[in-house]
Amino acid sequence: MDTHDSTFPLIISVDDHTVEPADVWQDRLPKKFLDTGPRIVRAPLKEMSFLGGRFKPVMGERGDEGPLGDWWIYEDLHRPLTRLDTAVGYSRDEIKLEVITYEQMRPGSYDVPRRLADMDVNHVQSALCFPTFPRFCGQTFTEARDRELGLLCVRAYNDWMVEEWCGPQAHGRLIPLTLIPLWDAELAAAEVRRNAARGVRAVAFSEIPPHLGLPSVHTDDWDPFLAACDETGTVVAMHIGSSSRMPSTSADAPPAVGSTITFANCCFSMVDWLLSGKFERFPNLKVMYAEGQIGWIPYILERADVVWEENRGWGGVADKVHRPPSELFAEHVYGCFFDDAFGLRNLDAIGVGNVLYETDYPHSDSTWPKSRQVGEAQMGHLAADVVERIVRRNAIELLGLTDAGLWQGPGGAA
């Protein structure tokens, strides 16, 4: 692995992405579901918009005019691969909202050996990857009609994630992140335990479940799932957009508005969790906010503590939150960033042990192939041991990796 002769620690990225190969579900679903389960077709684009935080693509018919792209078809869903899914290797001015094919993306997006090579270029040792077609917490399968098929799709994805994406050819450098059937907390708990038994220590979840038509974390509905995470040491990983609603201000707001405030759902979600009582009910529970950045955290902790101290009598939390929210944050919550100089200048108000680093490969926001240089520039004022914790040690401890920063599971590190 090329270390670029740098003293900067090898990066463990807690937020990268995989673009699923076309055969993930076709190779794993029962024959009766192959015509309704996820599959790829090449078709023209009729129209596409991304306004007010809503992505709306429309697939054309074979023979229609329009740019060709590869589309995931699942029940009645038509979802194209886009340049925003895999933008690394292109200049910023070339990154537009357009459909693409697998041949038009960087192979490291979906091919393990090529991914490892791109990680070497970027000074990255290990990476945890979120999905693309299932969306960031598997809500694609939650929104589908057929629950039997949806559960099979969740399990098929998890099997592919553990056995192939993070399998022997990854040499322990890819860290598994699995999905759950969000519509059933008991089934979710069973899936957490099934995957924990083969070494998985992270599961994707929605930052704001009610946006998906699901119960909030203030209810007891999620307790079976949370109990399974608590018992197995499985971290609950919430990515921006995992509520299927990116922050925006109006239906006609351009994407730049939402891109500036991507942290907002993480902010709202963290307040939910801190004032839910769940961290006292489940003392081993850990949650992390992928791509949420960290600069906003100090004020939220300050405000939550004031509300807890001054307003808990009428605020509906006195009977379930018995400690200052900032204390609960320190023990249970991790913020993840790839570009946040302000947050790093205020690290003492966040906590060195509560921060994780990421590269967001292969998305348009990714710092690849300069994640090391960005880290060096933004962390130059920090002591070497602090940088080590942020860039790798916190992730090693949270995700149960070896001291060398590798995943030990089926086909993983020896």
Side-chain angles (χ1 to χ4, degrees), residues 14-15 136-137 185 202-212 214-230 233-243 245 247 261-337 340 342-343 346-356 394 397-398:
V14 297
D15 171 30
F136 297 146
C137 66
V203 63
F205 191 66
S206 175
E207 58 204 349
I208 307 179
H211 285 346
L212 303 179
L214 299 169
S216 79
V217 297
H218 299 289
T219 71
D220 295 335
D221 297 68
W222 294 108
D223 284 5
F225 162 66
L226 299 180
C229 294
D230 180 80
T234 300
V235 62
V236 177
M238 293 171 282
H239 194 285
I240 60 168
S242 57
S243 60
R245 190 182 304 178
I261 57 173
T262 52
F263 71 92
N265 282 349
C266 296
C267 173
F268 300 157
S269 174
M270 191 177 83
V271 176
D272 257 350
W273 281 90
L274 291 175
L275 299 178
S276 69
K278 297 304 183 187
F279 293 139
E280 295 185 59
R281 291 272 310 279
F282 303 103
N284 298 315
L285 191 63
K286 310 283 188 184
V287 305
M288 57 170 268
Y289 288 100
E291 208 173 328
Q293 313 299 347
I294 59 175
W296 52 272
I297 292 175
Y299 172 71
I300 292 300
L301 294 180
E302 177 182 283
R303 177 61 184 166
D305 278 358
V306 169
V307 169
W308 177 82
E309 184 67 40
E310 303 294 336
N311 301 336
R312 64 178 180 266
W314 59 264
V317 296
D319 61 338
K320 59 184 178 180
V321 182
H322 303 100
R323 299 167 55 199
S326 61
E327 290 185 13
L328 298 172
F329 171 88
E331 295 175 9
H332 298 275
V333 184
Y334 294 78
C336 312
F337 77 99
D340 192 340
F342 178 83
N346 294 274
L347 194 59
D348 59 334
I350 302 168
V352 172
N354 299 86
V355 173
L356 305 167
N394 289 339
E397 295 174 359
L398 179 65

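Please read all numbers here as calculations on a predicted model, not as lab measurements.
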Which residues pass the side chain to side chain donor-acceptor pair (under 3.5 Å) test with Asp230, not counting sequence neighbours?
none
Nearest heavy atoms of Ser242 and Cys137, plus distance in Å:
O-SG, 3.3 Å
With the threshold set at 4.0 Å, does a side-chain nitrogen-carboxylate oxygen contact exist between Arg323 and Glu331?
yes
Working note: Glu280 + Leu328, criterion side chain to side chain contact (heavy atoms under 4.5 Å, CB included); need CA distance, chi angles, decisive distance, verdict.
CA-CA 8 Å; Glu280 295 185 59; Leu328 298 172; 4.2 Å; yes
Heavy-atom side-chain contact between Asp221 and Pro209 under 4.5 Å
no
Go through it in stages, so that I can follow the logic: the residues are Cys266 and Glu207, the test is side chain to side chain contact (heavy atoms under 4.5 Å, CB included), and I'd like the CA-CA distance, side-chain angles, deciding distance and then a yes or no.
CA-CA 6 Å; Cys266 296; Glu207 58 204 349; 4.2 Å; yes
Nearest heavy-atom pair of Val355 and Asn394: which atoms, and what distance?
O-ND2, 3.0 Å
When the side chains of residues 293-302 are checked against the rest of the protein, which donor-acceptor pairs come out under 3.5 Å, sequence neighbours left out?
{"from": "Gln293", "atom 1": "OE1", "to": "Phe338", "atom 2": "N", "distance (Å)": "3.3"}
{"from": "Trp296", "atom 1": "NE1", "to": "Gly292", "atom 2": "O", "distance (Å)": "2.8"}
{"from": "Trp296", "atom 1": "NE1", "to": "Gln293", "atom 2": "O", "distance (Å)": "3.1"}

Has Trp273 got a side-chain atom pairing as donor or acceptor with Val217's backbone, closer than 3.5 angstrom?
no
Counting C-beta onward and ignoring hydrogens, is there a side-chain heavy-atom pair between Phe225 and Val203 closer than 4.5 Å?
yes
Considering only heavy atoms from C-beta outward, does the side chain of Leu347 approach that of Val352 to under 4.5 Å?
yes
Is there a side-chain contact between Asp15 and His239 in this structure, where contact means two heavy atoms from C-beta onward sitting under 4.5 Å apart?
yes
Which atom of Ile350 lies closest to which atom of Gly343, heavy atoms considered
CD1-O, 3.7 Å
Is Lys278 close to Asp223 at the side-chain level, that is, under 4.5 Å between some pair of heavy atoms?
yes
Any heavy-atom pair between the side chains of Met238 and Ile208 that's under 4.5 Å?
no
Any side-chain heavy-atom pair from Leu212 and Ser206 closer than 4.5 angstrom?
yes
Intermediate values then yes/no, side chain to side chain contact (heavy atoms under 4.5 Å, CB included), Phe279 and Leu285:
CA-CA 6 Å; Phe279 293 139; Leu285 191 63; 4.2 Å; yes
Check residues 306-317 and write down every donor-acceptor pair under 3.5 Å in which the side-chain atom is one partner and the other belongs to a residue at least two apart or another chain.
{"from": "Trp308", "atom 1": "NE1", "to": "Val321", "atom 2": "O", "distance (Å)": "2.8"}
{"from": "Arg312", "atom 1": "NH1", "to": "Trp308", "atom 2": "O", "distance (Å)": "2.9"}

Apply side chain to side chain contact (heavy atoms under 4.5 Å, CB included) to residues Ser269 and Tyr289 and explain how you reach the verdict.
CA-CA 9 Å; Ser269 174; Tyr289 288 100; 2.9 Å; yes
